[in-house]
Amino acid sequence: TVIVSPNDRAYQLHASGQKITGFEGYAMARASHGVSKGTWYFEVNFDDQPEESHIRIGWSQTHAALQACVGYSKFSYGWRSKHGTKFHEAKGKKYHFGGFKQGDTLGCLIHLPVDK
Amino acid sequence: AMRHQHLANKDMRLLQRRLLTSLGDASNDFFKINQLKFRKKMIKFARSRIHGWGLYAMETIAQDEMIVEYIGQTIRSLVADEREKAYERRGIGSSYLFRIDENSVIDATKRGNFARFINHSCQPNCYAKVLTIEGEKRIVIYSRSVINKGEEITYDYKFPIEDDKIDCLCGAKACRGYLN
Amino acid sequence: WSAFAPEFQELEENEKYVEKEGEFDMEDE
């Protein structure tokens with residue numbers, strides 16, 4: 001079963017099973033399982049969003065720093081709850097107007113062509 | 001706990017004694033750091049022969065005395081990396097970023113106290129020590145030898161070695177030539 | 001001495017910096 005990795009994550013995040021909670025500045029946790037080819041999709045429920053807080057979710061290689069947000073470097077691709085902006089190498093681009101919030105179910109798909 | 005069972009009694013006593021002394025040090029440091037606030041008068045700010053401005057002893061300071069706390073904004077390492085790039089882009093001189101541990105840095109570039117003006121020397125009369133007080137890590141500058149009245153306060157910045165060098169102006173006999 | 005460090009703010013003790021949401025962003029459309 002895919003869970004939040006107990007060790008491939010920033011020490012200050014609280015994670016247990018498939019649930020993760022962050023505080024203060026952005027920090028990252030990766031899943032216990034990764035993929036390297038083919039087309040994959042995962043979904044999460046956005047359970048709780050305190051006032052003025054936001055999350056970013058997406059896909060990350062193992063090289064991406066844990067003490068930053070997904071989409072900060074060339075090793076990861078992020079989607080932000082605020083304005084629905086997508087990020088890669090710390091550059092935000094318009095992607096999904098209005099963003100997402102608590103109560104939404106978020107889906108992330110990655111397509112890694114097998115023959116490339 | 002598992003390890004303790006394997007420790008012979010004598011080691012256990014040694015371990016306990018070491019624990020107590022370390023606790024003792026911390027509480028002693030805690031007491032001394034609060035004294036620190038009232039002892040700022042023993043140093044003054046003035047032009048430095050090393051670089052720009054510096055801090056000078058206004059009285060003779062004994063060895064291993066707490067002199068001043070290096071105060072600034074506590075930030076995470078990656079935030080410090082981003083700031084260092086931003087400061088360089090804006091031409092803000094040598095950074096006043098002081099690494100506490102692998103996770104955090106104290107940045108005194110824009111907010112902090114005058115400890116940021118203490119210059120580096122390769123043969124310093126002070127040293128910096130990271131104290132953990134009530135779970136919070138703080139940086140304190142201690143005298144490493146007796147400092148005479150009128151002497152400039154200096155400590156070794158211990159900057160990491162880098163390719164693009166910053167010349168060292170400390171003028172000490174054993175000067176290493178560069179800060180980094 | 002704050003005159004020698006533009007817009008320098010003196011602090012009595014360390015201040016924990018509160019990061020912004022866009023702390024790590026270079027550009028944000």
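Residue numbers begin at 1 in each chain, while the letters A, B, ... track the order of the sequences.
For chain A, the option among Glu27(C), Met26(C), Lys20(C), Glu19(C) with the highest count of heavy-atom pairs below 4.5 Å is Glu27(C). For the set Gly71(A), Cys69(A), Gly92(A), the count of heavy-atom pairs under 4.5 angstrom toward chain C peaks at Gly92(A).
Under a 4.0 Å N-O distance rule, the pair Lys19(A)/Asp48(A) does not qualify as a salt bridge. Using a cutoff of 4.0 Å between basic side-chain nitrogens and carboxylate oxygens, Asp25(C) and Arg56(A) are scored as salt-bridged.
Rounded to the nearest 0.5 Å, atoms CZ (Arg80(A)) and NE2 (His54(A)) are 7.5 Å apart. The CG atom of Asp47(A) sits 11.5 Å away from atom CG of Asp104(A), with the distance rounded to the nearest 0.5 Å.
Interface remark: Glu23(C) contributes no atoms to any contact with chain A (heavy atom separation under 4.5 Å). Using a 4.5 Å cut-off between heavy atoms, Tyr26(A) contacts chain C through both its backbone and its side chain.
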